[in-house]
Amino acid sequence: MADEVLTKLRGGMLHYRYVRDDDVATVIESHLLAEIAAPYRQRFRDEIAEQNWIVEYGRKLADAPFTADFVICTADAAI
């Protein structure tokens, strides 16, 4: 299993970071779950579900990173 880190940044922007299982020297970072390779994407989905987050995927931004995923609330707060 890779070293995955899911961070909710200030303002709710998500930052995905993982080290590839087959190459510990390769670190992948993104603000979009859609850019994450399939096996790691599911691991991040599981973490999002565990945190009970409702996420807006692919929000367009005026500045870099130009598109990012954001936590908009927790599932229990949406009830």
Side-chain angles (χ1 to χ4, degrees):
M1 185 172 208
D3 176 23
E4 299 98 14
V5 178
L6 174 59
T7 306
K8 182 173 74 164
L9 303 174
R10 189 177 194 182
M13 184 185 295
L14 291 176
H15 180 259
Y16 308 94
R17 180 187 187 280
Y18 67 94
V19 177
R20 286 185 30 186
D21 290 330
D22 60 343
D23 181 3
V24 295
T26 303
V27 176
I28 309 296
E29 296 186 63
S30 178
H31 293 282
L32 291 170
L33 187 61
E35 294 180 344
I36 303 299
Y40 308 98
R41 189 178 312 137
Q42 186 57 51
R43 295 174 193 174
F44 286 120
R45 281 189 182 128
D46 293 345
E47 177 67 19
I48 288 168
E50 184 177 309
Q51 294 293 330
N52 228 9
W53 289 340
I54 295 175
V55 176
E56 177 186 356
Y57 294 99
R59 181 188 294 177
K60 294 188 186 292
L61 306 171
D63 297 319
F66 300 111
T67 309
D69 298 338
F70 282 82
V71 174
I72 55 174
C73 67
T74 60
D76 57 340
I79 296 174

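Here the structure is a predicted model, which is why all the values come from computation and not from measurement. For reference, positions follow the sequence shown, starting with 1. Below, all heavy atoms of this structure are taken into account, side chains as well, without hydrogens, waters or symmetry copies.
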- Would D46 and Q42 satisfy side chain to side chain contact (heavy atoms under 4.5 Å, CB included), going step by step from the backbone distance to the final call? CA-CA 6 Å; D46 293 345; Q42 186 57 51; 2.7 Å; yes
- Query: Linking I/L/V/M/F/W/Y whenever any side-chain heavy atoms sit under 4.5 Å apart, do V71 and I48 land together?
  - Reply: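 They do share one cluster, since a chain of ILVMFWY contacts under 4.5 Å joins V71 to I48.
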- Ring geometry between Y16 and F44 (parallel below 30°, tilted from 30 to 60°, perpendicular above 60°):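 F44 and Y16: perpendicular rings.
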- Query: For Y40 and R20, which heavy atoms make the closest approach, and how far apart are they?
  - Reply: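 That would be OH-CA, 3.5 Å.
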- Task: Please name the pair of heavy atoms, one in E4 and one in Y18, separated by the smallest distance, quoted to 0.1 Å.
- Result: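 Between these two residues, the closest heavy atoms are CG-CB, 3.9 Å.
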Show me the donor-acceptor pairs, under 3.5 Å and distance only, between side chains in residues 28-38 and residues at least two apart or in other chains.
from	atom 1	to	atom 2	distance (Å)
E29	OE1	H15	NE2	2.9
S30	OG	L32	N	2.9
S30	OG	L32	O	3.2
S30	OG	E35	OE1	2.7
H31	ND1	L14	O	3.0

- Kindly indicate, with the supporting measurements, whether the criterion side chain to side chain contact (heavy atoms under 4.5 Å, CB included) is fulfilled by W53 and L6. CA-CA 12 Å; W53 289 340; L6 174 59; 3.7 Å; yes
Please set out all donor-acceptor pairs under 3.5 angstrom arising from side-chain atoms of residues 57-68, sequence neighbours excluded.
from	atom 1	to	atom 2	distance (Å)
R59	NE	E56	OE1	2.9
R59	NH2	E56	OE1	2.8

